[in-house]
Amino acid sequence: MTVLRAVVLVAALAIALWREAARWRAEIVLREVTSAFRTLAQAPRGDGTSRALDDLTMRAQAIAPSLPGDPRPLILAASAQLVAAVPARALALYGDALATGERAEIDLNLARAHAMLGNVPAAEAALLRMAWVSPALLERLNAPTRERIGAELQRLIGSLHDGTLSAPPPLPPS
């Protein structure tokens with residue numbers, strides 16, 4: 001009976017370490033892809049840059065299953081598509097990242113993608129949701145947009161305080 005317990009314990013430990021090893025490998029790839037993205041984001045646009053950004057997107061998506069609940073690989077994949085000027089693809093990937101939980105920086109980048117597509121109402125809705133989640137990010141906006149979104153945020157906060165707000169500002173569909 002003692003030998004059987006030892007075998008079960010060793011097997012359970014091996015399974016746990018195997019799963020953690022996949023996560024460690026994914027973290028290493030994520031660090032490499034993030035570093036490459038930072039370099040490419042500053043590079044002049046061209047065919048080579050676009051292909052490299054597509055490759056980064058695929059690499060980031062490939063490691064996402066090894067980091068369950070972690071939006072970073074999907075945010076990175078989406079951001080690569082945004083930099084590559086493929087906003088529709090970026091929107092889909094940011095939508096996937098939102099499935100792991102809302103983060104204000106995802107909302108900000110959703111706004112950028114909608115703006116690239118010329119969908120100003122959706123971009124403004126995403127900016128309002130961003131400000132709702134993290135008012136500190138209002139400082140990242142240009143002055144006219146910051147004032148407009150900030151005023152709407154204050155109106156919503158007033159509605160919240162007097163009990164008339166039925167729901168937080170919605171995100172536009174992505």
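Values below: every heavy atom of this structure, side chains too, minus hydrogens, waters and symmetry copies. Keep in mind it's a predicted model, so treat the numbers as computed, not measured.
Here Arg112 pairs with nothing under the salt bridge (Lys or Arg N to Asp or Glu O under 4.0 Å) rule; sequence neighbours left out.
Annotation: side chain of Arg25 is not in contact with side chain of Ser66 (no heavy-atom distance under 4.5 Å). With contacts defined as side-chain heavy-atom distances shorter than 4.5 Å, the pair Asp55/Arg59 qualifies. Proximity of Leu98 to Leu171: side-chain heavy atoms (C-beta onward) are separated by under 4.5 Å at one or more points. Between Leu127 and Asp107, every side-chain heavy-atom pair lies at or beyond the 4.5 Å cut-off. Counting heavy atoms from C-beta outward, Ile75 and Arg103 have side chains that approach closer than 4.5 Å. In this structure, the side chains of Glu32 and Ile28 come closer than 4.5 Å at one or more pairs of heavy atoms.
Residues Leu156 and Leu108 share a single hydrophobic cluster, defined by chaining ILVMFWY side chains whose heavy atoms lie under 4.5 Å apart. Under the 4.5 Å side-chain contact rule for hydrophobic residues, Leu128 and Trp132 share a cluster. The same ILVMFWY cluster, assembled from side-chain heavy atoms under 4.5 Å apart, contains both Phe37 and Leu67. By the rule that hydrophobic residues join a cluster once side-chain heavy atoms approach within less than 4.5 Å of another member, Val133 and Ile157 end up as members of separate clusters. Hydrophobic cluster membership differs between Tyr94 and Leu74, with clusters built from Ile, Leu, Val, Met, Phe, Trp and Tyr side chains linked at under 4.5 angstrom.
The nearest pair of heavy atoms linking Ala104 to Ser134 is CB-CB, 3.5 Å. The two residues Ala77 and Thr57 make their nearest non-hydrogen contact at O-OG1, 3.4 Å. Counting all heavy atoms, side chain and backbone alike, Pro68 lies closest to Arg23 at CD-NH1, 3.8 Å. In terms of heavy atoms, Leu53 sits closest to Ala80 at O-CB, 3.7 Å. Among all heavy-atom pairs drawn from Ala41 and Val83, the shortest one is CA-CG1, 4.1 Å. Taking both residues in full, the closest heavy atoms of His114 and Pro172 are given as NE2-CG, 3.7 Å, listed atom of the first, atom of the second, then distance.
Summarising the geometry, atom CG belonging to Asn119 is positioned 11.5 Å from atom CG belonging to Leu110; distances are rounded to the nearest 0.5 Å. From Arg89, atom CZ reaches atom CG of Leu91 across 11.0 Å, with rounding to the nearest 0.5 Å. For the atom pair CD (Gln81) and CG (Leu76), the distance works out to 10.5 Å, reported to the nearest 0.5 Å. Taken to the nearest 0.5 Å, the CG atom of Leu40 stands 6.0 Å off from the OG1 atom of Thr49. Between Ile149 atom CD1 and Leu153 atom CG the span is 9.0 Å, to the nearest 0.5 Å. The structure places CD of Glu105 at 7.5 Å from CG of Leu137, a figure rounded to the nearest 0.5 Å.
At least one donor-acceptor pair under 3.5 Å links the side chain of Ser159 to the backbone N or O of Arg155. A donor-acceptor pair is defined here as one N or O able to donate and one able to accept, closer than 3.5 Å; no such pair exists between the side chain of Thr145 and the backbone of Leu141. Not a single donor-acceptor pair under 3.5 Å links the side chain of Ser35 to the backbone N or O of Arg31.
Under 3.5 Å, the side chains of Gln61 and Asp96 contain no donor-acceptor pair of N or O atoms.
Under a 4.0 Å N-O distance rule, the pair Glu27/Arg72 qualifies as a salt bridge.
The number of heavy atoms from other shown groups lying within 6.0 Å of CZ (Arg140) does not exceed 12.
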